[in-house]
Amino acid sequence: MARKALEYETEGMDSLLGNNSESFWPRFFAPGRGPHVPPGSMPVALGSPGAPAAPPWANQSSGREFVLLGFAHVPALRPLLAALFLAVLLLALLGNALLVLLTALDPALRAPMYFLLRQLALVEICFSLDIVPRLLVTLLRPGRGVSPAGCALQLLLLLSCVTSECFLLTAMAWDRYVAICRPLRYGAIMSPRLCRLLAATCWLGGVPVSLVFTIWLFHFPFCGPRGIRHFFCDIAPLLSLVCVDTRVFEANVLVATVMIMIVPFCLIVASYTKILATVLQMPSATGCHKALSTCASHLVVVVLFYGTTGVIHLRPKASYSPESKQVVSLSYTLVTPMLNPLIYSLRNKEVKAALGRMCVQRRGSHIP
């Protein structure tokens with residue numbers, strides 16, 4: 001019985017790891033077979049003295065736990081990747097925290113645009129803290145299990161953060177539309193009360209949908225070894241472990257994705273179409289340049305975010321390999337949170353001026 005169970009688990013994990021399974025297993029395991037037993041000898045139970053070691057995931061996780069197999073195809077690069085991702089995490093946290101402090105403390109950055117930018121920076125901080133610590137554990141301690149509750153919580157936070165960012169980017173595009181196309185009414189429309197209402201809607205709007213799909217997904221039965229070919233718990237790799245028909249679930253996920261991602265994206269495009277039409281009617285070239293420069297940073301962030309999340313979430317069971325999905329997922333879970341503060345600070349004169357004032361104040365406070 002022990003040998004049959006081992007054969008079943010080894011075959012299941014080999015199917016998950018593909019052709020790279022030999023680099024993941026110890027050498028005494030052959031794909032599709034149990035541990036090698038010399039002719040004429042009795043098989044030795046795993047765990048007994050002199051027995052070969054069990055696979056890493058079998059020792060470190062219980063039967064109900066999931067195992068994240070992110071970057072299992074490059075085991076030699078794991079320490080280097082862990083150091084690189086840790087540096088990216090620290091840069092993302094430092095940059096976004098600095099952006100939050102600047103927009104909260106500097107009187108010159110009290111416009112609605114900077115209030116919404118502060119909310120975006122807070123979402124990026126939540127994004128980074130939800131994904132990267134678990135990724136570092138996966139790289140440094142491969143095979144460590146994740147409880148179903150922990151996996152569900154990570155998925156819930158991930159979906160909520162993606163939804164909040166979609167809504168925030170839409171609100172920021174609408175803010176730019178009002179500022180450029182309705183400048184005389186900008187102060188009356190973008191009142192502090194409306195800004196707080198927009199922020200609350202962006203933060204809380206995706207929670208019900210994320211909660212429904214997370215609970216629904218984790219009510220499915222998961223069959224065989226629970227190895228997730230990703231570095232975080234996401235819908236697509238979890239669906240590959242489900243052993244029942246999920247077509248209804250996938251159809252609902254597609255509808256929700258269209259409502260949460262495509263509709264806001266269309267609203268962003270509509271806002272910038274109106275902005276471009278208004279800018280082209282301006283008589284002054286200086287005014288055109290100033291109006292477009294206030295939108296450039298936001299447009300870059302929109303392209304980065306939608307260009308990566310759309311590839312992953314619009315096709316939950318796409319045909320490309322899990323390894324390519326991991327690379328694309330790195331873009332919006334690590335790279336974009338790190339780049340957003342740089343994009344907004346390097347291209348925004350007011351943010352750079354506020355940063356300069358903060359540095360001067362800190363320098364002056366240290367002069368005796």
Side-chain angles (χ1 to χ4, degrees), residues 99-100 102-104 106-124 162-206 257-310 336 339-354:
L99 204 55
V100 170
L102 284 176
T103 55
D106 195 285
L109 302 181
R110 296 295 172 85
M113 177 178 68
Y114 298 110
F115 175 81
L116 295 174
L117 179 59
R118 180 161 71 248
Q119 308 307 313
L120 181 64
L122 290 172
V123 170
E124 300 291 16
V162 169
T163 305
S164 297
E165 189 151 353
C166 289
F167 292 169
L168 275 170
L169 291 175
T170 307
M172 295 172 75
W174 184 66
D175 170 78
R176 292 298 83 207
Y177 161 76
V178 176
I180 295 173
C181 301
R182 301 287 188 270
L184 298 180
R185 300 191 58 198
Y186 179 70
I189 295 175
M190 298 299 294
S191 62
R193 181 176 179 274
L194 180 61
C195 290
R196 289 192 294 268
L197 182 61
L198 282 174
T201 302
C202 293
W203 276 102
L204 301 176
T257 302
V258 170
M259 296 297 296
I260 291 173
M261 295 188 65
I262 304 303
V263 172
F265 180 74
C266 292
L267 293 175
I268 293 173
V269 172
S271 297
Y272 277 106
T273 301
K274 291 284 188 179
I275 289 173
L276 184 60
T278 302
V279 168
L280 292 177
Q281 295 175 0
M282 291 181 177
S284 170
T286 305
C288 292
H289 181 268
K290 183 178 180 180
L292 291 177
S293 65
T294 61
C295 304
S297 301
H298 180 257
L299 278 174
V300 173
V301 173
V302 168
V303 171
L304 282 174
F305 179 75
Y306 277 96
T308 53
T309 55
T336 302
L339 290 181
N340 282 357
L342 296 176
I343 293 171
Y344 278 104
S345 60
L346 294 179
R347 297 193 59 88
N348 191 297
K349 294 181 180 180
E350 293 181 349
V351 174
K352 288 191 288 186

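- Between the side chain of Arg176 and the backbone N or O of Cys295, no donor-acceptor pair lies under 3.5 Å.
- Atoms CD1 and OH, from Ile180 and Tyr272 in turn, are 7.5 Å apart once rounded to the nearest 0.5 Å.
- Proximity of Leu267 to Tyr177: side-chain heavy atoms (C-beta onward) are nowhere separated by under 4.5 Å.
- Note that CG of Leu299 and CG of Leu304 are 11.0 Å apart. Values are rounded to the nearest 0.5 Å.
- Within 6.0 Å of atom CZ in Arg110, more than 12 heavy atoms from other residues, nucleotides or ligands are found, so the atom counts as buried in its surroundings.
- Considering only heavy atoms from C-beta on, Tyr114 comes within 4.5 Å of Glu350 through its side chain.
- Rounded to the nearest 0.5 angstrom, Cys181 SG and Leu276 CG are separated by 10.0 Å.
- Within 6.0 Å of CE in Met282 there are more than 12 heavy atoms belonging to other residues, nucleotides or ligands.
- Taken to the nearest 0.5 Å, the CG atom of Leu280 stands 12.0 Å off from the CD1 atom of Ile275.
- Between Leu120 and Glu165 the shortest side-chain heavy-atom distance falls below 4.5 Å.
- Among residues two or more places apart in sequence or in another chain, the ring-ring contact (aromatic ring centres under 6.0 Å, His included) test is passed with Phe265 by Tyr306.
- Between the Ser164 side chain and the Cys202 main chain, a donor and an acceptor come within less than 3.5 Å of each other.
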